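What follows is a short report on a single structure.
Here the structure is a predicted model, which is why all the values come from computation and not from measurement.
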Amino acid sequence: MSLNHSPETQTKLIARVPSITGRELPEWFQAIDNGPAFLRCDERANWLADEHGLTHGYAAAIVHEHERHRRNRMGFV
């Protein structure tokens, strides 16, 4: 499973997350933060998909977005 979507696909997936999953992104980010301490993004996406019944595409998009937000919070560009 690849965590790399095109920017257009990533934007579309993230925009649909609340309607598809019934949860907003901050809720998913909190689930990732409170979940197991995986080092790799693909491990986090697999856990998110398995634990919460998401497709791997949405799980990967959420993990990718979480990483992007985390980097921005830490001041990384």
Side-chain angles (χ1 to χ4, degrees):
M1 174 190 62
S2 173
L3 290 181
N4 298 317
H5 299 116
S6 71
E8 297 83 18
T9 299
Q10 177 70 13
T11 299
K12 289 177 183 178
L13 286 169
I14 290 302
R16 288 190 296 243
V17 163
S19 63
I20 295 294
T21 68
R23 296 171 77 177
E24 298 291 330
L25 280 177
E27 294 176 74
W28 287 115
F29 293 170
Q30 186 174 22
I32 292 169
D33 290 339
N34 293 334
F38 295 116
L39 294 177
R40 295 179 18 201
C41 289
D42 62 334
E43 292 173 325
R44 276 185 246 135
N46 287 334
W47 171 80
L48 201 61
D50 294 343
E51 185 73 19
H52 296 281
L54 299 173
T55 65
H56 284 280
Y58 280 105
I62 292 167
V63 168
H64 178 78
E65 197 69 12
H66 178 263
E67 285 298 304
R68 192 176 69 77
H69 281 261
R70 187 181 64 78
R71 283 191 307 268
N72 288 341
R73 283 192 316 258
M74 296 176 76
F76 299 128
V77 189

Task: Shortest non-hydrogen separation from Pro18 to Ile14 and the atoms involved - done: CD-O, 3.7 Å

Task: Within 6.0 angstrom of Gln30 CD, more than 12 heavy atoms from elsewhere - done: no

Task: Main-chain N/O of Ile32 paired to Arg44 side chain as donor or acceptor, under 3.5 Å - done: no

- [ ] Any chance you could measure Thr21, atom OG1, to Tyr58, atom OH, to the nearest 0.5 Å?
- [x] 9.0 Å

Task: Distance (rounded to the nearest 0.5 Å) between Asn46 CG and Leu54 CG - done: 11.5 Å

Open item on the list: I'd like to check Cys41 versus His64 (side-chain heavy atoms, cut-off strictly below 4.5 Å). Are they in contact?
Closed with: no

Task: Heavy-atom pair of closest approach, residues His56 and Ala45 - done: ND1-O, 4.4 Å

TODO: Rounded to the nearest 0.5 Å, what's the gap from CZ on Phe29 to NE2 on His66? Could you check?
DONE: 6.5 Å

Task: Parallel, tilted or perpendicular: ring planes of Trp28 versus His52, cut at 30 and 60 degrees - done: perpendicular

Task: Taking every non-hydrogen atom, the tightest pair across Trp47 and Ala31 - done: CH2-O, 3.5 Å

TODO: Show your working on side chain to side chain contact (heavy atoms under 4.5 Å, CB included) between Arg23 and Val17 and close with a plain yes or no.
DONE: CA-CA 7 Å; Arg23 296 171 77 177; Val17 163; over 6 Å; no

TODO: Hey, could you give me the OG/CD distance between Ser19 and Glu24, rounded to the nearest 0.5 Å?
DONE: 9.5 Å

TODO: To the nearest 0.5 angstrom, please state how far the CD atom of Glu27 sits from the CD1 atom of Ile62.
DONE: 10.5 Å

Task: Main-chain N/O of Arg40 paired to Glu43 side chain as donor or acceptor, under 3.5 Å - done: yes

